[in-house]
Amino acid sequence: MKLVFILKVGVLSLMTACLFCCAGHTSADSDGLQCEAIKVKEGYGYIVVHEEDTLIYQPFIPAVSGKIPFATKEDALKIGELVCRKLSEHQLPTVTQEELTSSGIRLK
């Protein structure tokens, strides 16, 4: 149980660092952030890239228990673009189950 808590705190810390890393950068294409779908075992995930640096590597659906990949490339891009938008607006790049549902994300 402690390991799960430590892991969650570590992930949130990493996301916060990514947010502050990007905060000072501006460019015409959404602060230089790009989201790309990636093929992973049994589905899709996404990465968030700033210039040449990978800020977020997300091979599984966030906010869902277990290691479940997105069913389609489009689903992965929807949530990846949501995360990019949040970063551009200087928000934490977290995703809730409600956001997954409202985005129409299908679980495998």
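Treat the numbers as computed from the prediction; the structure is a model and nothing was measured.
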Among Ile79, Leu100, Asp75, Val95, exactly one meets side chain to side chain contact (heavy atoms under 4.5 Å, CB included) together with Ile61. Which residue is that?
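Running side chain to side chain contact (heavy atoms under 4.5 Å, CB included) over Ile79, Leu100, Asp75, Val95 with Ile61 returns exactly one hit, Leu100.
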Just one of Glu51, Glu81, His50 clears the side chain to side chain contact (heavy atoms under 4.5 Å, CB included) bar with Leu33, so which one?
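Going through the options one by one, the only one that passes is His50.
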Take Leu82 and Arg85 through the side-chain contact (heavy atoms from CB on, under 4.5 Å) test and state the conclusion after the steps.
CA-CA 5 Å; Leu82 171 66; Arg85 187 170 52 251; 3.2 Å; yes
Which heavy atom of [X] sits nearest to which heavy atom of [Y], and what is that distance?
| X | Y | value |
| --- | --- | --- |
| Val48 | Gly80 | CG2-O, 4.4 Å |
| Tyr44 | Ala71 | CD1-O, 4.0 Å |
| Gly45 | Ala76 | O-CB, 3.3 Å |

Determine, using the 4.5 Å side-chain heavy-atom cutoff (strictly less than), whether Leu77 and Val64 are members of one ILVMFWY cluster.
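In one cluster with Leu77: Val64, no.
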Using the test side-chain contact (heavy atoms from CB on, under 4.5 Å), find all partners of Val40 that sit at least two apart in sequence or belong to another chain.
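Scan of Val40 (side-chain contact (heavy atoms from CB on, under 4.5 Å), adjacent residues dropped) gives Ile38, Tyr57, Pro59, Pro69.
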Could you list the residues that satisfy side-chain contact (heavy atoms from CB on, under 4.5 Å) with Glu36, not counting sequence neighbours?
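Here the qualifying residues are Gln34, Ile47, Val49.
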Taking Gln58 for the side chain and Tyr46 for the main chain, is one N or O donor matched with an acceptor at less than 3.5 Å?
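Side chain of Gln58 to backbone of Tyr46: no pair is present.
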Any chance you could pull the hydrophobic cluster mates of Phe60, using side-chain heavy atoms under 4.5 angstrom and chaining through other members?
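When side chains under 4.5 Å apart are linked, Phe60 ends up in no cluster with other residues.
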Test of understanding: with salt bridge (Lys or Arg N to Asp or Glu O under 4.0 Å), list the residues that count as partners of Glu99, not counting sequence neighbours.
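Scan of Glu99 (salt bridge (Lys or Arg N to Asp or Glu O under 4.0 Å), adjacent residues dropped) gives Lys86.
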Among residues two or more places apart or on two chains, list those pairs meeting salt bridge (charged side-chain N to carboxylate O under 4.0 Å, His left out) that have a residue in residues 59-73.
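Qualifying pairs, neighbours excluded: none.
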